[in-house]
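Everything on this sheet refers to the single structure shown next.
All values reported here derive from a predicted model rather than from experimental measurement.
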Amino acid sequence: AITVATNSGVVRLMVPSNDVFTGDIGSLQDVSEGDRVVASVHVDVDETTTIDRILVIPDLTKTVTRHILGVILDAEDGTISIQDRDGNTVTIDVPEGVNVPDVGTVVTAVAQLDRATGRLLAQAFDRVEDAVQRLQEATDRNEGSDFGDELEERLEQARDQHLSALERA
């Protein structure tokens, strides 16, 4: 069961026994406390209100930031296309003032998701080669320091992950 606060008061909604809502792919685990929902329900003979369908309304005010690692395939007309490590092509809108590396460059693109339109808006690009160099410099600076072996190991792991991504590209 889930409890929903409505304009008319608090309502307890029962979930079907199979925990899957008719017509949609999803389950009760997809609904989190604090989510805004719209539910289609029916009242059983015992006056229990049971959910038939439920729609979770996304909070459009939440900022969702994505990091996309891949190769720039195309850059024109305020958009770029990046092929990610899984072979998917991701299109990102690029506002004025955001510098875009050349086509063929392996980058991590930092983009915000516009939840209303589903489009990504670029915030920045970081060339993977530059990230690898920064990690190597940090590893070198740490050598012999009081930070110890754990920090050095983490820096090396991060550098190796970026190098692997660069090699796959």
| request: Please check if the side chain of Asp102 supplies one atom and the backbone of Thr105 the other of a donor-acceptor pair under 3.5 Å. | output: no

| field | Point-to-point distance, once rounded to the nearest 0.5 Å, from OG1 of Thr50 to NE2 of His42 | value | 4.5 Å

| query | What's the shortest heavy-atom distance between Thr6 and Gly9, and which atoms? | reply | OG1-O, 2.6 Å

| query | Is there a side-chain contact between Val4 and Val10, using heavy atoms and a 4.5 Å cut-off? | reply | no

| said: Is any side-chain heavy atom of Val100 closer than 4.5 Å to one of Ile72? | reply: yes

| task | Flag the pair Asp114 and Arg119 as a salt bridge only when some basic side-chain nitrogen lies within less than 4.0 angstrom of an acidic carboxylate oxygen. | result | no

| said: Tell me whether Asp86 contacts the main-chain N or O of Asn88 through its side chain, where contact means a donor paired with an acceptor under 3.5 Å. | reply: no

| Could you go step by step and tell me if Thr108 and Val128 meet the side-chain contact (heavy atoms from CB on, under 4.5 Å) rule? | CA-CA 7 Å; Thr108 298; Val128 171; 4.2 Å; yes

| Are side-chain N/O atoms of Gln133 and Glu137 paired as donor and acceptor at under 3.5 Å? | yes

| Going only through I, L, V, M, F, W and Y residues with side-chain contacts under 4.5 Å, is there a path from Val64 to Leu121? | no

| request: Compare every heavy atom of Leu69 with every heavy atom of Arg85, then report the nearest pair and how far apart it is. | output: NH1-CD2, 3.4 Å

| said: Just so I know, are the side chains of Val41 and Leu13 near enough to count as touching, which here means a heavy-atom distance under 4.5 Å? | reply: yes

| said: Applying a strict under-4.5 Å side-chain criterion to I, L, V, M, F, W and Y, I'd like to know whether Leu120 and Phe125 cluster together. | reply: yes

| query | For the hydrophobic clusters of this structure (ILVMFWY residues joined by side-chain heavy atoms under 4.5 Å, transitively), does one cluster hold both Val110 and Val90? | reply | no

| field | Closest contact, heavy atoms only, Pro95 versus Asp93 | value | CD-O, 3.8 Å

| Minimal non-hydrogen separation, Ala111 against Ile68, with atom names | CB-CD1, 4.4 Å

| task | In plain terms, say whether Asp126 and Arg134 are close enough for a salt bridge, that is, a side-chain N and a carboxylate O under 4.0 Å apart. | result | yes

| said: Checking Thr48 against Asp46: is there a side-chain donor and acceptor pair closer than 3.5 Å? | reply: yes

| request: Identify the heavy atoms of Ala75 and Ile80 that sit nearest to each other, and give their distance. | output: CB-CG2, 3.7 Å

| Do Leu113 and Val98 belong together in a cluster built from hydrophobic side chains that touch within less than 4.5 Å? | yes

| query | Looking only at heavy atoms, what is the nearest atom pair of Ala122 and Ile92, with distance? | reply | N-CG2, 3.5 Å

| Measuring from Thr79:OG1 to Asp74:CG, what's the distance to the nearest 0.5 Å? | 6.5 Å

| Should the heavy atoms of other residues, nucleotides or ligands under 6.0 Å from CG of Asn99 be counted, would the total exceed 12? | no

| field | Common cluster, Val107/Val103, ILVMFWY with side-chain heavy-atom separation under 4.5 Å | value | yes

